[in-house]
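Chain letters run A, B, ... following the sequence lines, proteins first and then strands; every chain starts at 1.
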Amino acid sequence: MFKIRKLLALVTGKALIALSRALGGQGTNLPGRLASFIYPPLLSELSRNITGACFMVTGTNGKTTTCNLAAAIIREQGFSIVHNQAGANMLAGITTAFIQNSDLLGQRTHDYALLETDEANVAPLLQIIKPRYILITNFFRDQLDRYGELDITVKLISSAVKGTGIELILNADDPLQSNWPSLTGLKCLYYGFDHTAYDNLDSADSRECRYCMLCGHELEYSYYHYAQLGRFQCPHCGHHNQQLDYVGSELSLEDGIAFKIGDLHLESRLQGFYNAYNILAAATLALESGFGKDIIKRAIASHQPAAGRMENFIIGGKQVFLILVKNPTGFDQSLAMLTGDIHTKNIFMALNDNAADGRDISWIWDTQVELLARSEEKITGLICSGQRSGDMALRFKYAGLDTSKIVIEPYLRKAIERTLGLEGQVTYILCTYTALFACRKILLRLRDR
Amino acid sequence: MAKFVIAHMYPDLMNLYGDRGNLICLQKRLEWLGQECEIRKCFLGDQVDLGKTDMFFMGGGSDREQELVFQDLRTRSEELWQAVQDGLPGLCICGAYQLLGEFYKAADGTIMPGLAFFGLHTVAEPGRLIGNILIEAEIDGSPSSIVGFENHGGRTYFDDPELKPLGKVLRGFGNNGKDKTEGLLYRNLVGSYLHGPLLPKNPVLADFFIHAMAERKRISIDVRLDDGIETIAHQQVEKMLA
Ligand SMILES: [Zn+2]
């Protein structure tokens with residue numbers, strides 16, 4: 001009886017994945033949700049087909065890139081892997097990934113599973129799957145409306161892992177992860193960067209946690225890498241960064257990313273300090289799991305950015321960049337990159353407020369849009385689109401940008417066409433999550449026309 | 001040209017939800033009206049000269065941070081209350097709004113005292129009240145639609161029947177999700193659960209503060225600004241809630 005339900009669940013799940021693909025969708029949540037409804041133990045049973053180990057990756061920013069890099073390393077070694085798609089990081093999305101990689105009897109085995117897990121889904125997923133390692137990227141302000149507050153997120157995850165015996169791979173530069181050995185009683189391995197040429201004595205970014213997790217006093221920083229990541233110490237109780245187990249040193253961000261972990265030299269085509277962290281995190285996970293240095297080096301060197309992580313199109317002979325923005329830190333990094341580009345540029349930003357984007361769009365006011373005003377003469381137009389195009393336009397207006405350049409066009413296709421019609425040399429298409437795939441489709445269609 | 005000083009109280013502690021948008025809005029609008037505006041950050045322990053302050057703003061924080069702020073504020077609460085009664089404009093959002101009341105009862109039953117400026121109290125009840133909200137307020141004598149976003153676990157109840165809310169809830173939850181009231185309006189002080197960019201989307205409320213500040217300085221500002229983008233942003237939220 002139960003075997004029939006399992007078969008039915010797998011057939012339904014696979015059919016839905018195929019159907020939604022045929023319709024051009026991503027097919028990431030519904031198949032898993034429906035299949036689990038038909039056969040509740042499905043995820044638990046399929047996860048037992050992993051012969052090697054399960055890795056869970058969570059945190060605010062960088063989950064997708066870190067997972068993609070780790071997956072590239074695992075594949076480079078020739079192992080098979082179950083890996084959920086970018087952004088499909090709730091239980092249903094993870095179930096879909098397992099269904100997709102399973103045969104109809106639910107018996108096909110894989111060497112590894114790499115599970116990008118939304119912060120709020122760590123606790124429920126741990127009820128079903130016990131990973132070998134949990135890797136945490138960072139805790140930044142993100143989609144507050146789903147969790148209430150960052151404190152709650154941190155508490156939720158740290159109490160969910162307590163007593164599980166799982167080993168944690170943590171970011172030593174993030175003050176919100178520094179007291180985890182005592183908080184969780186688990187073995188914690190720390191990665192982080194040495195002093196780099198890009199550090200600041202004062203951080204201009206939004207700093208989520210400047211207060212000691214242990215005693216509430218304000219932390220003192222000897223330097224910031226970016227946001228709240230850096231070298232800190234509490235003047236009251238002496239709490240400070242944990243000892244580094246994996247140190248990123250001699251970081252260079254010129255023309256890609258290069259740094260060393262001991263005698264392992266890594267080079268990547270990705271850009272920006274935040275991606276250096278993603279590479280360091282993925283490499284730490286791989287080294288700790290016993291992967292060879294040459295394999296890691298090769299996989300990272302050949303890795304290409306994923307959809308929306310600065311994807312590049314040529315349309316009408318001109319460069320178009322598609323960038324996903326989800327929170328102030330990510331948006332600020334994109335803005336910094338945009339202002340660093342010396343070309344004249346057309347700028348498009350689609351702001352949606354669906355659940356997956358975060359219902360609360362207040363975060364756009366925590367960004368440094370004012371940066372754009374500094375090189376305003378290079379901007380041909382700011383086209384605001386999506387469900388909250390008005391709010392985005394307001395943000396640009398109050399950053400001091402010329403209102404004659406600001407356009408509100410809620411419809412994505414019309415707005416993108418209007419943006420590409422501007423005379424700038426480069427076009428930047430920025431968008432929140434639920435606008436990403438629609439924008440990408442529009443761009444592909446325009447490219448192939 | 002006059003210079004306006006807006007005190008941003010505890011920007012490091014009470015700033016979870018993009019409250020900065022409200023300050024940027026006031027500053028820019030004053031500049032567009034030909035005035036100068038300084039946002040003065042006030043941290044724990046700083047001496048604030050309310051006599052040289054035209055308005056104060058305080059946002060929301062976590063329980064832990066709110067407690068630090070309360071301990072600091074109580075040392076100067078009499079002076080602040082006097083200024084509020086004299087008509088000092090102020091905007092207190094979420095946690096700062098709750099602090100104006102008599103107490104806050106946390107989910108675990110702990111009672112944290114407030115500044116007790118007003119006969120109201122807040123109780124943390126299960127389930128957060130989250131979403132876009134539309135209220136009708138009476139600003140400078142005329143009814144005005146106000147839109148925003150709320151996200152709070154605390155429910156605020158008025159104990160003093162004389163207290164006036166900021167507005168009547170048309171869509172959303174407001175003070176407690178039960179009595180259709182949202183926020184508090186007392187002279188030129190506004191308390192509200194509408195966090196983040198409240199003023200940019202509601203220029204009528206931004207201008208209420210600007211007029212109140214100007215009046216106290218005995219200068220007249222009556223230049224109209226072009227609120228085309230503000231109106232579209234406002235209407236997008238109204239339409240979504242319709
Ligand atoms: Zn401390």
Side-chain angles (χ1 to χ4, degrees), chain A residues 141 143-152 154-155 206-213 215-219 327-328 351 353-355 358-370 382 384 386-401 403-404 406-410, chain B residues 11-13 15-29 31-32 43-44 59-65 67-68 93 95 128 130-132 147-153 194-201 203 206 225-240:
Chain A
R141 187 186 313 217
Q143 303 188 1
L144 285 162
D145 50 328
R146 270 198 291 155
Y147 312 120
E149 285 156 21
L150 196 61
D151 278 1
I152 298 177
V154 173
K155 229 181 262 170
S206 52
R207 264 175 265 153
E208 181 58 31
C209 173
R210 287 199 340 184
Y211 291 84
C212 178
M213 286 290 280
C215 72
H217 277 70
E218 187 168 354
L219 293 172
N327 51 31
L351 180 63
D353 64 351
N354 295 312
R359 296 256 182 227
D360 184 5
I361 52 93
S362 301
W363 63 270
I364 60 172
W365 292 87
D366 287 327
T367 61
Q368 314 283 320
V369 180
E370 285 77 9
L382 294 149
C384 305
Q387 294 150 352
R388 300 302 289 266
S389 44
D391 280 275
M392 199 58 233
L394 268 187
R395 182 67 190 99
F396 286 135
K397 175 179 176 179
Y398 281 91
L401 289 149
T403 48
S404 68
I406 301 172
V407 175
I408 300 175
E409 173 49 72
Chain B
D12 49 344
L13 293 168
N15 179 25
L16 271 180
Y17 302 106
D19 293 324
R20 190 167 153 255
N22 294 319
L23 292 156
I24 297 174
C25 175
L26 289 168
Q27 187 174 39
K28 280 284 178 232
R29 289 183 82 81
E31 284 172 15
W32 292 331
F43 298 96
L44 284 184
S62 66
D63 289 357
R64 177 187 52 172
E65 287 156 347
E67 178 60 23
L68 292 171
I93 306 289
R128 293 185 76 81
I130 304 176
N132 290 303
V147 295
F149 192 90
E150 58 181 328
N151 178 355
H152 49 110
L194 275 53
H195 72 240
L198 171 62
L199 300 184
K201 263 200 301 282
L225 294 172
D226 174 3
D227 284 333
I229 295 179
E230 285 81 349
T231 308
I232 295 177
H234 184 102
Q235 287 171 346
Q236 272 182 353
V237 183
E238 267 186 343
K239 229 183 264 171
M240 242 171 359

Does any backbone or side-chain atom of Gln387(A) lie under 4.5 Å from a heavy atom of chain B? Answer side chain, backbone, both or neither. backbone
Identify the two heavy atoms, one from Ser362(A) and one from Gly196(B), that lie closest to each other, and give their separation to 0.1 Å. OG-CA, 3.7 Å
Tell me, side chain or backbone of Glu230(B) under 4.5 Å from chain A's heavy atoms, or both, or neither? both
Identify which part of Leu68(B) has an atom lying under 4.5 Å from any heavy atom of chain A, answering side chain, backbone, both or neither. side chain
With a 4.5 Å cut-off on heavy-atom pairs, point out which of Glu67(B), Gln27(B), Lys239(B), Arg29(B) contacts chain A the most. Arg29(B)
Of the options Asp391(A), Asp353(A), Asp360(A), which is the one that meets Phe149(B) in a side-chain contact (heavy atoms from CB on, under 4.5 Å)? Asp360(A)
Interchain contact, Asp226(B) with chain A, by part (heavy-atom threshold 4.5 Å): backbone
Closest non-hydrogen atom pair between Ala233(B) and Leu394(A), with its separation: CB-CD1, 3.7 Å
Rounded to the nearest 0.5 Å, what separation is found between the NZ atom of Lys397(A) and the CH2 atom of Trp32(B)? 4.5 Å
Only pairs of heavy atoms separated by less than 4.5 Å count here; which of Glu31(B), Gln236(B), Gln235(B) has the most with chain A? Gln236(B)
Quick one: what part of Thr403(A) sits under 4.5 Å from any heavy atom of chain B, side chain, backbone, both or neither? side chain
With rounding to the nearest 0.5 Å, note down the distance linking CG in Asn132(B) to CD1 in Ile361(A). 8.0 Å
Measure distances from His234(B) to the heavy atoms of chain A and classify the residue's part below 4.5 Å as side chain, backbone, both or neither. neither
What distance do Asn22(B) atom CG and Tyr398(A) atom OH have between them, rounded to the nearest 0.5 Å? 10.5 Å
Can you give me the closest heavy-atom contact between Thr367(A) and Arg20(B), atom names plus distance? O-NH1, 3.4 Å
Report which part of Ile406(A) has an atom under 4.5 Å of a heavy atom belonging to chain B: side chain, backbone, both, or neither. side chain
Part of Arg395(A) lying under 4.5 Å from any heavy atom of chain B: side chain
Of Ser389(A), Ala399(A), Ala393(A), Pro410(A), the largest count of non-hydrogen pairs under 4.5 angstrom with chain B goes to Ser389(A)
Measure from the side-chain N and O atoms of Arg359(A) to the backbone N and O of Gly131(B), and report whether any donor-acceptor pair falls under 3.5 Å. no
Shortest non-hydrogen contact from Ile24(B) toward Trp365(A): CD1-CE3, 4.2 Å
